[in-house]
Amino acid sequence: MLHVNAPPYAAGPTPEGGQTVRAVAGTSSLTEQVIEAVREAIHSGELRPGELYSVYRLAEQLNVSRTPVREAMLRLAEAGLVRFERSRGFRVLRRDPREIAEVFHLRLLLEVPATSRAARHAGPGLARALREELEAMRAAAADHDEPRFMRHDRAFHDAILAAGANRRLAEVVAGLRDATVTLGASTVDRSRSLADVAAEHEPILTGVLAGDPDAAAAAMRAHVAHTGELLVAQAAAENGRPADPADVALIHDITGGSTT
């Protein structure tokens, strides 16, 4: 069922298809809620790839104004999840495995050497922050709270990037992660559990605590590459085909990401 948790707007008529809408409360912005609702509708098949949809009808169905819907659709279009058709609406696109492979190729090129640098210069503050975030991830996994888990997962990676003392690099990686989130790409409960994801962070922490740049970088490489491989395979399956070996190879082509 397509909906957002939004404060009451002007209740509109039920759109074609008979889907219902419930009102919203929450701390995230309406635009973020619309993005999440559209992603869920695409994954559930309520919004189907190739079909044309109206922004106006979507706003009515979600019981929100058209402004957050337009903003959400612009962001989804930038991420490659939908395409606008002039004066007609928007069309849902299939997730492109190649695009996901390109995002993770870039992440590896940036995050692997950044992790090596962080391990070389790690102080007690970084060690404490990483321990705390990993413990919080484990707790969220035990509660099966994916949003909370992902906040701490991101904070874990952000702490490592911040330790590398390259603000622009951290901003670029944040943008790449945002692109993945906007695409709605997640392996949780499809390819692995939250506990599995948390476990992949443990050798990264071990390498940083030991002051071992090579071990920390290798663990980050394994974690990010594994995530990319799983997401490429999922996107390919959604398109009715196996993962292209060239896409998988791209993820692992990180000769520019030397740890030295």
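We use all heavy atoms of the structure for the numbers below, so side chains are in, but hydrogens, waters and symmetry mates are not. The residues of the chain are indexed from 1 along the displayed sequence. None of the values given here were measured: they were computed from a predicted structure.
Residues Arg91 and Val82 form no side-chain contact, since every pair of their non-hydrogen atoms from C-beta on lies 4.5 Å or further apart. Using a 4.5 Å cut-off on side-chain heavy atoms (C-beta onward), Val197 and His223 make contact. The shortest distance between side-chain heavy atoms of Arg117 and Pro213 does not fall below 4.5 Å. Annotation: side chain of Phe156 is in contact with side chain of Ile160 (closest heavy-atom distance under 4.5 Å). Contact annotation: the side chain of Leu81 never approaches that of Leu93 to less than 4.5 Å [non-hydrogen atoms, C-beta and beyond]. Looking at Leu76 and Met73, their side chains come closer than 4.5 Å, going by heavy atoms from C-beta outward. For the pair Glu32/Arg75, a side-chain contact is recorded, criterion being any heavy-atom separation below 4.5 Å from C-beta on.
With sequence neighbours excluded, the residues that form a side chain to side chain donor-acceptor pair (under 3.5 Å) with Asp143 are Arg148. Residues passing the side chain to side chain donor-acceptor pair (under 3.5 Å) test with Arg241, sequence neighbours excluded: none. For Arg154, the salt bridge (Lys or Arg N to Asp or Glu O under 4.0 Å) test picks out Asp178, with sequence neighbours left out. Judged as a ring-ring contact (aromatic ring centres under 6.0 Å, His included), and not counting sequence neighbours, the contacts of Phe90 are Tyr53. Under the rule for a side chain to side chain contact (heavy atoms under 4.5 Å, CB included), the partners of Glu111 that lie at least two apart in sequence or sit in another chain are Arg107, His157, Leu161, Val173, Met220, Val224. Applying the salt bridge (Lys or Arg N to Asp or Glu O under 4.0 Å) test to Arg168 and every residue at least two apart in sequence or in another chain returns nothing. With sequence neighbours left out, Ala222 forms a side chain to side chain contact (heavy atoms under 4.5 Å, CB included) with no residue at all. Qualifying side chain to side chain contact (heavy atoms under 4.5 Å, CB included) partners for Ala127, counting only residues two or more places apart in sequence or in other chains: Arg131, Leu209. Not counting sequence neighbours, Thr206 has no partner by the side chain to side chain contact (heavy atoms under 4.5 Å, CB included) test. With sequence neighbours excluded, the residues forming a salt bridge (Lys or Arg N to Asp or Glu O under 4.0 Å) with Glu200 are Arg192, listed by chain and number. Every salt bridge (Lys or Arg N to Asp or Glu O under 4.0 Å) that Glu202 has, sequence neighbours left out, goes to Arg138.
Taking hydrophobic clusters as Ile, Leu, Val, Met, Phe, Trp and Tyr residues chained together by side-chain heavy-atom distances below 4.5 Å, Val34 shares a cluster with Phe84. Both Leu176 and Ile251 are members of a single hydrophobic cluster when ILVMFWY side chains are connected at heavy-atom separations under 4.5 Å. There is a path of hydrophobic side-chain contacts, each under 4.5 Å, that joins Leu74 to Leu30. Leu250 and Leu231 fall into different hydrophobic clusters, where Ile, Leu, Val, Met, Phe, Trp and Tyr side chains are chained together by heavy-atom contacts under 4.5 Å. Linking Ile, Leu, Val, Met, Phe, Trp and Tyr whenever their side-chain heavy atoms come within less than 4.5 Å leaves Leu109 and Val248 in two separate clusters.
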Derivation of the side-chain hydrogen bond (donor to acceptor under 3.5 Å, both in side chains) call for Glu229 and His252: CA-CA 9 Å; Glu229 284 182 22; His252 290 280; 2.3 Å; yes
List the steps, then state whether side-chain contact (heavy atoms from CB on, under 4.5 Å) holds for Glu85 with Leu52. CA-CA 8 Å; Glu85 307 260 334; Leu52 191 66; 3.5 Å; yes
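Annotation: ring-ring contact (aromatic ring centres under 6.0 Å, His included) contacts involving residues 95-125, sequence neighbours excluded, are absent.
We find the CZ-CG distance between Arg120 and Asp212 to be 11.5 Å, quoted to the nearest 0.5 Å. In this structure, OG1 on Thr115 lies 12.0 Å from CG on Asp214, to the nearest 0.5 angstrom.
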